Every structure is written in C-alpha cells, then in structure tokens.
Amino acid sequence: MTFSVQKLLRTFLIYFLLCLGATVVVVPLFWMISTSLKGPNALFAYPPEWIPKPAIWRNYIDAFKALPFGTFFINTIFITVLAMIAELFTTSLVAYGFSRFNFRGRNALFMILLATMMLPSVVTMIPTFLIWRNLKLLDTFDPLTVGAWFAWGPAYIFMMRQFFLTIPRSMEEAAVIDGANVFQIYWHIMLPLVRPALLAIAVLSFQGNWNNLQGPLIYLNSMEKFPVVLGLKFFEQSLSKEAPMWNYMMAMSVVMAAPVLGLFFSAQRYFIEGLNVGATKG
Amino acid sequence: MAAYLLTLSHWLLTGAAVLVLMLAVYGLLKALKARQVTAVGYALVLPWLLGFLIWQIYPFAYSFYLAFTDYNVLQPPQWVGLANFKHMFFDDPRFWPSVRLTLLYSFLSVPLGMIGALGTASLLAQEVRAVGFWRTLYYVPSVLPAAATALLWRFMFAGTGLINTFFSPVYKLLHIAPPAWFSDEKLVLPSFVIMSFWGVFGANTVILLASLKNVPKELLEAAEMDGASPWTRFARITVPMISPSLFYVMIMGIIAAMQNFTAPLFINTPGGAGTFLSVYIYQQGFTQFKMGYATAVGWFLMVMILILTVIVWKFSAAYIYYEGETRKGD
C-alpha cells in the first residue's frame with residue numbers, strides 16, 4: 001500500500017517538474033507571438049496582456065513594409081538553398097570516401113578534419129574576407145554560397161561517416177560484381193541508405209545558413225542583398241533611437257523563426273537521430 | 001536579379017570545377033599506378049582537402065602573419081612585431097573586461113546548461129509517457145534563430161518587461177528595486193547566462209537522453225539489489241556510463257560559448273559591458289579597420305579555447321568510460 005502511494009507521488013513529481021520546465025520553454029515563445037500582435041500602448045501594459053485585444057494582424061504587414069523584408073526573405077532562401085545543396089552533395093561524397101576507402105594517409109587526414117572543428121572562425125575570418133576582396137566579390141552572395149562546394153562543416157562529414165559505417169559492405173560488393181562504378185554505387189545504393197543522415201544534415205545546414213549573422217555582416221553592404229537576420233539587426237538599430245517598436249521586431253522574429261521551426265517539426269525524427277549518431281557513437 | 005544570376009553562375013561553375021578536379025585526381029593517381037582504393041579515396045575527399053587548403057590552412061597561416069602587422073585594408077600590412085600583443089595585454093582598456101566576460105560566461109553557462117540538460121534527460125528517462133512530445137518541446141528553443149532569441153530576451157528583461165512584472169511581488173517582499181538586467185553593467189553577465197540557459201539545454205537533453213537509454217538496466221538493478229541508494233546508483237553507475245556524452249556536450253559547449261557572437265550583437269549594454277571577445281574582434285576588424293590587431297585578438301581567443309579544451313580533456317581522461325576499452329593499469 002505505502003509502496004503504491006510512494007510510486008504515485010514519484011510519478012506526480014516527475015510530471016510536475018516536466019510541466020514546470022515546459023512552462024519556462026513555452027511562456028517566452030507565447031510572449032513573442034502575443035507581443036507581435038499588440039499595439040504600441042499594450043507592449044508594457046500592467047497587468048501583462050497575454051492575449052492581445054484586439055489582435056493587430058496588420059503589424060506583420062506594416063513590419064514588412066517598414067523595411068524591404070520581402071527581398072530579405074528571397075535573399076535568405078537563395079543563400080540557404082544554394083549553400084545547403086552544395087554542402088549535402090560534397091559532405092556526403094567526402095564522408096563516403098573516408099568511411100569506405102582505406103587509402104594511405106586516411107586516418108591522419110581524418111584526425112586533421114576533426115581538429116578543424118575546434119578552429120574558431122574568427123581566426124580565419126579576416127584572411128577569408130581578404131580572399132573575397134581580392135576576387136572583387138565583396139557585396140555579392142558568393143562568399144556565403146560558393147565556398148560550400150568545398151565540404152563546409154567538418155561536423156557534418158563526421159556525422160555522415162558514422163552513418164556510412166553502420167551500413168554493411170555486402171550492399172556494395174554485389175553492385176561491384178554487377179559492374180557498377182563508384183559514383184553509381186554512391187548515388188544509387190549508398191545515398192538512399194543514409195537518407196536519415198542526409199535529412200538531419202539538411203535541417204542542420206538549413207538552420208545554420210538561415211540564422212548565420214557573421215557572414216552577411218562582413219560581406220554584404222547594400223540593403224537589397226541583406227538576408228532577414230541583417231534586416232532585423234538594421235531594424236533594431238534604426239528603431240532603438242526612439243521608443244523601440246517591439247511589436248514589429250517580434251513579428252519579424254516570428255516570421256524568421258517559422259521556416260526553421262516548420263522544417264524541424266517535419267523532419268525532427270531524423271534530426272534527433274542524426275544528432276545522436278554524431279554524439280554517442282563517436 | 002543580376003546579383004542572383006552572378007552568384008548562381010559562379011556557384012554552378014565552382015560545383016562543376018570541383019567535380020572535374022575529382023575526376024582529374026582519379027585519372028592522375030591511376031596514371032601513376034596508384035591502387036584503386038587510393039585513387040578513388042583521394043578523389044572523393046578532394047572537396048574537403050581543397051577547402052582545407054584554401055579556406056583553412058592558407059587563412060590560418062596568413063592570419064598568423066597579420067597578427068604581427070598594422071593593417072587598415074587600404075595600405076599594405078606594416079610589420080610591427082609584438083606591438084599588437086603589447087597593446088592588447090597592457091594598454092587596451094577594453095580587452096581584459098571582454099576576456100573576463102567571455103570566460104566567466106563559459107564557466108557559468110556551460111556547467112549550468114549541462115546540469116539542466118542532465119536533470120531533464122533523467123526525468124525523461126523515467127518511463128514517461130509521450131517522451132517524443134517532451135523531447136521536441138524542450139528542443140524548440142535551440143532551433144530558434146539566435147537573433148530572435150536575443151531580441152525576445154532583451155524585451156523580457158526590459159525595466160517594466162515580463163520578468164520584472166512576474167517577480168515584482170518578490171521584489172516588494174525583499175524591499176529591493178527591480179533589477180535593470182541588460183541595462184545594469186553588473187547584471188549583464190547573469191542576464192546572458194540566464195538567457196543561454198533557455199537556449200542551450202534542448203540539444204544537450206536529446207543527446208544525454210539517448211545515452212541514458214543505453215545504460216544497461218541489469219547494472220542498475222544489480223546495484224539496487226545490493227542496496228545502493230538512488231543517488232549512489234546515479235553517481236557511480238549512470239554518470240560513468242554516460243561520461244563520453246557528457247564530455248562531448250561539455251567540449252562542444254565550451255567551444256560554442258567562447259565564440260558567442262550573434263546574441264551579444266543584438267543586445268545593447270551600457271558602456272559595451274556585454275562585448276564578448278568575438279564581437280570585440282569583429283568591431284576592431286570591421287568597424288575600426290584594425291585588421292592586424294583584430295587578428296591578434298583572434299589568435300588569443302583560439303589559444304584560450306585550445307587550452308580550455310586540453311584542460312577538460314586531461315581532467316576527464318581519467319573519468320571517461322569507453323565501452324570495450326581497457327585502460328592502462330587495469
């Protein structure tokens with residue numbers, strides 16, 4: 001009898017703590033959305049207005065008009081998609097090479113690859129900037145997209161390699177007997193098998209490029225080339241002079257977060273699997 | 001429109017060039033009578049190898065040179081010897097406060113985030129219903145763009161913002177004035193740490209939960225039979241079993257925290273009290289155009305990250321338990 005009471009109490013405590021944590025996660029998110037629908041006078045109202053009355057959906061339209069956010073979105077999509085495709089293609093090829101071909105010097109090269117994960121980007125930032133400057137490609141989308149063909153992201157290569165290692169070799173051996181070449185094996189046999197890893201990397205890469213501030217901040221000057229994050233930064237600067245228009249800023253934050261959240265929710269199973277392969281099977 | 005087409009054409013050309021180079025390397029190695037695996041292997045890892053040489057080794061070497069120069073982009077770099085480092089360590093009034101903020105932030109936010117993540121993961125490992133739901137929910141803050149998170153917390157930390165409104169009964173009870181958070185020089189660091197706590201522990205929770213699920217049940221049950229208390233079981237069995245994941249989370253956390261960039265750029269603080277080292281490097285290089293000096297500070301940051309990583313690595317080497325590995329002396 002006492003045992004079951006104790007068990008009940010334990011279950012209650014677990015769910016209580018989980019709900020407490022969930023509140024801490026959800027309340028700020030809810031506040032962000034709620035603020036984005038408020039008029040300027042309701043922003044700091046006391047007591048806090050949880051559900052704005054009336055909800056001003058026009059904030060979204062007005063914020064979009066305050067700065068060319070439509071263009072910013074097209075730019076962000078353009079940058080993110082190009083970088084993501086190149087990253088997926090090259091990181092999976094490189095990972096295939098590292099996991100399946102025992103060439104001379106492979107282990108040394110792989111150790112170097114892992115070491116580069118620790119190299120902070122601020123050290124290479126200025127020389128990299130100078131390379132693009134010498135190429136006369138500052139204030140273009142090139143520095144944010146073209147470099148992705150060189151297998152950006154050692155973490156992605158590592159994650160992908162771990163996935164390739166879990167696939168039995170017999171799969172390819174049959175294809176080799178049938179006379180398929182390396183690229184055919186990679187494209188028709190290996191890639192379909194590592195689809196969860198590809199999707200996980202697609203989400204991570206999308207997230208990384210979509211949210212990246214450092215690159216655009218350094219390379220882009222003209223406003224018509226800004227991605228959303230720079231627009232948000234610009235917005236913040238121009239508005240902080242007078243009363244900050246938090247409602248507009250929150251509206252744009254919601255719009256910026258929506259695609260990343262949507263992608264995360266639709267691919268979260270793979271996303272979480274990919275995350276775990278990188279961390280626990282190392 | 002022209003801007004898109006320009007980049008698109010460069011992007012397509014570069015992609016094609018990388019493929020052609022891969023084939024060329026394969027052909028070359030075959031012509032040199034290399035083994036098939038070597039030829040294919042090098043051809044496949046070529047994109048990374050090229051990237052490593054062009055975007056890492058060359059910038060790395062060049063930045064080492066730049067750190068000893070005075071360079072304002074317009075004139076060629078002037079060799080100044082150790083002047084940048086001398087200025088950094090002895091004359092620059094903004095350098096040490098920035099180092100202090102960055103280090104303290106890492107020391108506070110990483111362990112706190114790990115404890116939060118481990119606690120949450122332990123709860124979720126207790127045969128909870130709808131684990132997927134909770135896991136996803138806790139993950140959401142780490143998917144949000146850092147820019148959006150920073151703006152949101154700046155808004156909530158405002159003088160009459162949500163957080164002060166929520167805690168106002170507490171302030172009244174203790175007879176203290178509502179804190180000004182990001183607007184108070186002394187509270188900038190705690191504010192950043194609190195904000196990071198919301199953002200980081202989602203991803204870590206997912207990683208730690210997966211490794212908690214891999215702890216063999218027989219071990220825990222055997223210990224329970226022998227009368228080990230829940231705490232002993234946790235400290236003596238669970239923690240050692242998941243130590244590789246804890247180590248991974250910690251190293252990655254330190255590397256990320258030391259390079260905190262986006263959030264501080266979106267948060268105004270009095271007198272630049274919230275200038276993290278990465279932000280300081282960016283400001284010196286790209287708003288003051290002191291590229292040589294900025295690179296020198298960048299090298300300092302890198303050496304600090306390296307030292308911290310080595311310290312964590314050395315200290316934890318004795319504690320990490322890798323399955324299937326026998327330690328020397330065992």
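Below, chain A is the first sequence line, B the second, and so on; all start at residue 1. Hydrogens, waters and symmetry mates play no part in the numbers below; they use all other heavy atoms, side chains included. These numbers were taken from a predicted model, which means no experiment stands behind them.
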Undergrad: Are side-chain heavy atoms of A/Tyr15 and B/Trp134 found at a separation under 4.5 Å?
TA: yes
Undergrad: Checking the side chain of B/Tyr58 only, and the main-chain atoms of A/Thr128 only, is there a donor and an acceptor separated by less than 3.5 Å?
TA: no
Undergrad: Please look at A/Leu130 and chain B and tell me whether the side chain, the backbone, both or neither of the residue comes under 4.5 angstrom of a heavy atom of that chain.
TA: side chain
Undergrad: Sort A/Val26 into side chain, backbone, both or neither according to what part of it lies under 4.5 angstrom from a heavy atom of chain B.
TA: side chain
Undergrad: Measure the shortest side-chain to side-chain distance between B/Val143 and A/Leu263 over non-hydrogen atoms and say whether it is less than 4.5 angstrom.
TA: no
Undergrad: Hey, are the side chains of A/Ile126 and B/Tyr282 touching, using non-hydrogen atoms and a 4.5 Å cut-off?
TA: no
Undergrad: Select one option (side chain, backbone, both, neither) describing which atoms of A/Thr35 are under 4.5 Å from chain B's heavy atoms.
TA: side chain
Undergrad: Side chain, backbone, both or neither: which part of B/Gln56 has an atom under 4.5 Å from a heavy atom of chain A?
TA: both
Undergrad: To check you understand the geometry: which heavy-atom pair defines the closest contact between A/Ala257 and B/Pro145, and what is its length?
TA: CB-CD, 3.6 Å
Undergrad: Quick check on A/Phe141 against chain B: is it the side chain, the backbone, both or neither that has a heavy atom closer than 4.5 Å?
TA: both
Undergrad: For B/Trp55 together with A/Trp149, are the ring centres under 6.0 Å from each other?
TA: no
Undergrad: If I measure from the heavy atoms of chain B, does A/Asp142 come under 4.5 Å with its side chain, its backbone, both, or neither?
TA: both
Undergrad: Tell me, side chain or backbone of A/Val27 under 4.5 Å from chain B's heavy atoms, or both, or neither?
TA: side chain
Undergrad: Under a 4.5 Å heavy-atom cut-off, does chain B meet the side chain of A/Phe98, its backbone, both or neither?
TA: both
Undergrad: With a 4.5 angstrom heavy-atom cut-off, could you sort out which part of B/Ala67 is near chain A: side chain, backbone, both or neither?
TA: neither
Undergrad: Taking side chain as everything from C-beta outward and backbone as N, CA, C, O, which of these in A/Phe183 sits under 4.5 Å from a heavy atom of chain B? Side chain, backbone, both or neither.
TA: neither
Undergrad: Could you tell me which portion of B/Val297 (side chain, backbone, both or neither) has an atom closer than 4.5 angstrom to a non-hydrogen atom of chain A?
TA: neither
Undergrad: Decide yes or no for A/Phe44 and B/Thr165: does some side-chain heavy atom of the first lie under 4.5 Å from some side-chain heavy atom of the second?
TA: no
Undergrad: Do B/Phe266 and A/Leu232 come close enough that some side-chain heavy atom pair is under 4.5 Å?
TA: yes
Undergrad: With side chains defined as the heavy atoms from C-beta onward, is the minimum distance between B/Thr295 and A/Val123 less than 4.5 Å?
TA: no
Undergrad: For the residue pair A/Asn102 and B/Arg35, what are the closest heavy atoms and their distance?
TA: O-NH2, 3.8 Å
Undergrad: Where does B/Thr309 contact chain A at under 4.5 Å (heavy atoms): side chain, backbone, both or neither?
TA: side chain
Undergrad: Return the minimal non-hydrogen interatomic distance between A/Phe103 and B/Thr38, and the atom names on each side.
TA: CB-CA, 3.5 Å
Undergrad: Let me know if B/Phe261 has heavy atoms under 4.5 Å from chain A in its side chain, its backbone, both or neither.
TA: side chain
Undergrad: Of the backbone (N, CA, C, O) and the side chain (C-beta and beyond), which part of B/Ser168 lies under 4.5 Å from a heavy atom of chain A, both, or neither?
TA: side chain
Undergrad: What option among A/Thr90, A/Thr140, A/Leu29, A/Ile79 has the most heavy-atom pairs under 4.5 Å with chain B?
TA: A/Leu29
Undergrad: Any side-chain heavy atom of A/Phe129 sitting closer than 4.5 Å to one from B/Met291?
TA: yes
Undergrad: Where does A/Val182 contact chain B at under 4.5 Å (heavy atoms): side chain, backbone, both or neither?
TA: side chain
Undergrad: Would B/Tyr139 and A/Phe264 count as a close aromatic pair, with their ring centres under 6.0 Å?
TA: yes
Undergrad: Of the backbone (N, CA, C, O) and the side chain (C-beta and beyond), which part of B/Phe286 lies under 4.5 Å from a heavy atom of chain A, both, or neither?
TA: side chain
Undergrad: Quick one: OG1 on A/Thr145 to CG on B/Leu8, what's the gap to the nearest 0.5 Å?
TA: 9.0 Å
Undergrad: When rounded to the nearest 0.5 angstrom, what distance separates CH2 in A/Trp246 from CE in B/Met156?
TA: 10.5 Å
Undergrad: Need one label for B/Ile305: side chain, backbone, both or neither, based on atoms under 4.5 Å from any heavy atom in chain A.
TA: side chain
Undergrad: Is the number of heavy atoms from other residues, nucleotides or ligands under 6.0 Å of A/Phe265 CZ greater than 12?
TA: yes
Undergrad: Side chain, backbone, both or neither: which part of B/Val128 has a non-hydrogen atom closer than 4.5 Å to chain A?
TA: both
Undergrad: Which bit of A/Arg100 is near chain B, if near means a heavy-atom gap under 4.5 Å: side chain, backbone, both or neither?
TA: neither
Undergrad: Is B/Tyr42 in contact with chain A via its backbone, its side chain, both, or neither, using a 4.5 Å heavy-atom distance?
TA: both
Undergrad: Is there a donor-acceptor contact under 3.5 Å from the side chain of A/Lys233 to the main chain of B/Ala147?
TA: no
Undergrad: Let me know if A/Tyr186 has heavy atoms under 4.5 Å from chain B in its side chain, its backbone, both or neither.
TA: neither
Undergrad: When you check the side-chain N and O atoms of B/Gln126 and A/Arg10, is any donor under 3.5 Å from an acceptor?
TA: yes
Undergrad: Is the closest side-chain heavy-atom distance between A/Val122 and B/Met302 below 4.5 Å?
TA: no
Undergrad: Select one option (side chain, backbone, both, neither) describing which atoms of A/Leu109 are under 4.5 Å from chain B's heavy atoms.
TA: both
Undergrad: When you look at CD of A/Glu224, are more than 12 heavy atoms from neighbouring residues, nucleotides or ligands closer to it than 6.0 Å?
TA: yes
Undergrad: Check each atom of A/Ile157 against the heavy atoms of chain B and say whether the ones under 4.5 Å are side chain, backbone, both or neither.
TA: side chain
Undergrad: How close do A/Phe150 and B/Leu50 get, heavy atom to heavy atom, and via which atoms?
TA: CD2-CB, 3.7 Å
Undergrad: Is the backbone of A/Leu82 close enough, under 3.5 Å, to the side chain of B/Trp11 for a donor and an acceptor to pair up by distance?
TA: yes
Undergrad: Checking heavy atoms, do the side chain of B/Ile163, its backbone, both or neither come under 4.5 Å from chain A?
TA: neither
Undergrad: Side chain, backbone, both or neither: which part of B/Leu66 has a heavy atom under 4.5 Å from chain A?
TA: side chain
Undergrad: Let me know if A/Gln268 has heavy atoms under 4.5 Å from chain B in its side chain, its backbone, both or neither.
TA: side chain
